[in-house]
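Counting starts at 1 for both ligands and their atoms, in listed order.
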Amino acid sequence: MLKRISALVLAGLTAMAVAACGSGGGGGVSGSDGGGSGGGDDAITMGFSQVGAESGWRTANTKSVQESAAKAGITLKFSDAQQKQENQIKAIRSFIQQRVDVIAFSPVVESGWDTVLKEAQNAKIPVILTDRAVDSKDTSLYKSFLGSDFIEEGKKAGQWLVEEYKDATDTVNIVELQGTTGSAPANDRKEGFAQVIAAEPKFKVIASQTGDFTRAKGKEVMEAFLKSNPDIDVLYAHNDDMGLGAIEAIEGAGKVPGEDIKIITVDAVKDGMQALADGKINYIVECSPLLGPQLMDLAKKVVKGEQVPARVVTEETTFTQEQAKEVLSTRQY
Ligand code: GYE
């Protein structure tokens, strides 16, 4: 406890006198008591910087974090970065200035975090990465990284394709809708998939572009793909939302999604699972957004100064159309 209080006092001394910005959580820390959240001894305040609200996955993730914080008795200062790194950096600086007990964030892109993470470290505020990784060489800048193995997800997508086309001898033309440029899931889902399909030269990625993880962009880019490539066999979309947007584009072009063009996506949110059950998507690799409970457990431990694992990987599965029909009614998100 003493350690924590002195850390907070030190954080208070080093905090810069700039106006708080980017925090949707409404401030609430006086800045003069050195007592963090100002509650009882065990009260924890977490500053959480979310990527945005770009997808069904993200909405479910935000809900999970907010509900789990309430359940764990953790005061949450939540900030939505609208998919912009600069907003996340501002939010983190604001959390440092408010002397929260712990900072958690889902970094929109992998690079460019060292400076702000160093600031948090200097202020002795522990940081937990959730969902997405950073590429900082200095891993002492954060306590733990909780989230999925995106390379593995990309591999699972590729493995389904290899199996689905095992008897095919002709070229299989693939188009890819990538997630947000520079983000860990976009980089890794691309890489894992490419590794697996590279084993068979019949698989050809004929176009690959970002759809920024959104439905609107997924539709727009798929429309462009369809215009310039008359012979698309497969769409690999890095998330359900882009796949759902692309389905609209495919139908708009007079083709049948799931038949004329086979579709693989990642996430398994309800709308995606519905499209899978309806036969419009062929296969979904699950990525769980329900990270809240594990995040709160990690937060409590790091605030107490306990040792936590450097990496916590989420458990996930995959879904075929048949499996989607079975689980759809009980899907939480
Ligand atoms: O797959 C996508 C979201 O980082 C795992 O971000 C997350 C990804 C998720 O926008 O739908």
Side-chain angles (χ1 to χ4, degrees), residues 48-65 80-85 87-88 104-111 113 128-135 142 145-157 176-193 209-219 221-222 235-247 263-276 281 283-292 294-295 311-319 331-333:
F48 184 87
S49 168
Q50 180 59 290
V51 168
E54 73 283 3
S55 64
W57 190 100
R58 190 64 54 197
T59 309
N61 179 246
T62 293
K63 193 164 169 254
S64 170
V65 169
D80 176 337
Q82 300 181 335
Q83 296 243 65
K84 291 200 178 79
Q85 181 172 34
N87 291 343
Q88 287 201 297
F105 80 114
S106 177
V108 58
V109 292
E110 286 190 279
S111 304
W113 298 103
I128 303 171
L129 303 178
T130 79
D131 159 37
R132 297 184 182 177
V134 298
D135 64 4
Y142 53 91
F145 165 36
L146 162 68
S148 310
D149 182 338
F150 300 133
I151 297 228
E152 197 50 41
E153 290 173 352
K155 283 186 181 167
K156 286 179 188 166
E176 180 178 28
L177 282 169
Q178 298 179 34
T180 301
T181 304
S183 71
N187 293 342
D188 294 355
R189 287 174 185 165
K190 185 177 196 325
E191 189 184 323
F193 182 76
Q209 220 176 288
T210 184
D212 216 8
F213 279 131
T214 68
R215 234 178 249 219
K217 256 300 192 63
K219 181 177 179 195
V221 177
M222 189 68 198
L235 162 67
Y236 169 42
H238 290 186
N239 78 344
D240 290 345
D241 281 81
M242 292 189 294
L244 292 163
I247 286 172
I263 303 178
I264 315 167
T265 63
V266 185
D267 276 354
V269 294
K270 201 142 194 174
D271 289 353
M273 292 292 272
Q274 182 68 58
L276 182 61
I281 293 178
Y283 193 65
I284 300 186
V285 177
E286 186 187 38
C287 177
S288 175
L290 306 180
L291 304 177
Q294 281 168 295
L295 174 60
R311 177 78 172 100
V312 181
V313 184
T314 329
E315 270 186 37
E316 284 147 355
T317 183
T318 56
F319 295 101
R331 201 80 186 147
Q332 281 185 53
Y333 54 88

Practice problem: Assess the side chains of Gln88 and Ser49: does a donor N or O sit below 3.5 Å from an acceptor N or O? | Solution: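 Distance-only check passes for Gln88 and Ser49.
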Exercise. Measure centre to centre between the rings of Phe193 and Tyr236, then say whether the value is under 6.0 Å.
Key: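 Yes; Tyr236 has its ring centre under 6.0 Å from that of Phe193.
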Quiz item: With sequence neighbours left out, what residues match Tyr283 under side-chain hydrogen bond (donor to acceptor under 3.5 Å, both in side chains)?
Solution: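 For Tyr283, the residues satisfying side-chain hydrogen bond (donor to acceptor under 3.5 Å, both in side chains) (neighbours in sequence not counted) are Thr318.
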Exercise. Report the residues that fulfil side-chain hydrogen bond (donor to acceptor under 3.5 Å, both in side chains) with Ser106, sequence neighbours left out, ordered by chain and then residue number.
Key: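 Here the qualifying residues are Arg58, Asp131.
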Practice problem: Write out the protein residues near ligand 1, meaning a non-hydrogen atom under 4.0 Å from one of its atoms, in order of chain and number. | Solution: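 Around ligand 1, where the cutoff is 4.0 Å for heavy atoms, the contacting residues are Glu54, Ser55, Trp57, Arg58, Asp131, Arg132, Phe150, Pro185, Arg189, Phe213, Asn239, Asp267, Cys287.
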Quiz item: Which atoms form the tightest heavy-atom contact between Val108 and Trp113, and what is the distance?
Solution: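 Looking at all heavy atoms of both residues, the shortest contact is N-CZ2, 4.0 Å.
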Under 3.5 Å donor-acceptor pairs involving side-chain atoms of residues 263-273, not counting sequence neighbours:
{"residue": "Thr265", "atom": "OG1", "partner": "Asp240", "partner atom": "OD1", "Å": "2.7"}
{"residue": "Lys270", "atom": "NZ", "partner": "Arg331", "partner atom": "O", "Å": "3.1"}
{"residue": "Asp271", "atom": "OD2", "partner": "Arg215", "partner atom": "NH2", "Å": "2.9"}

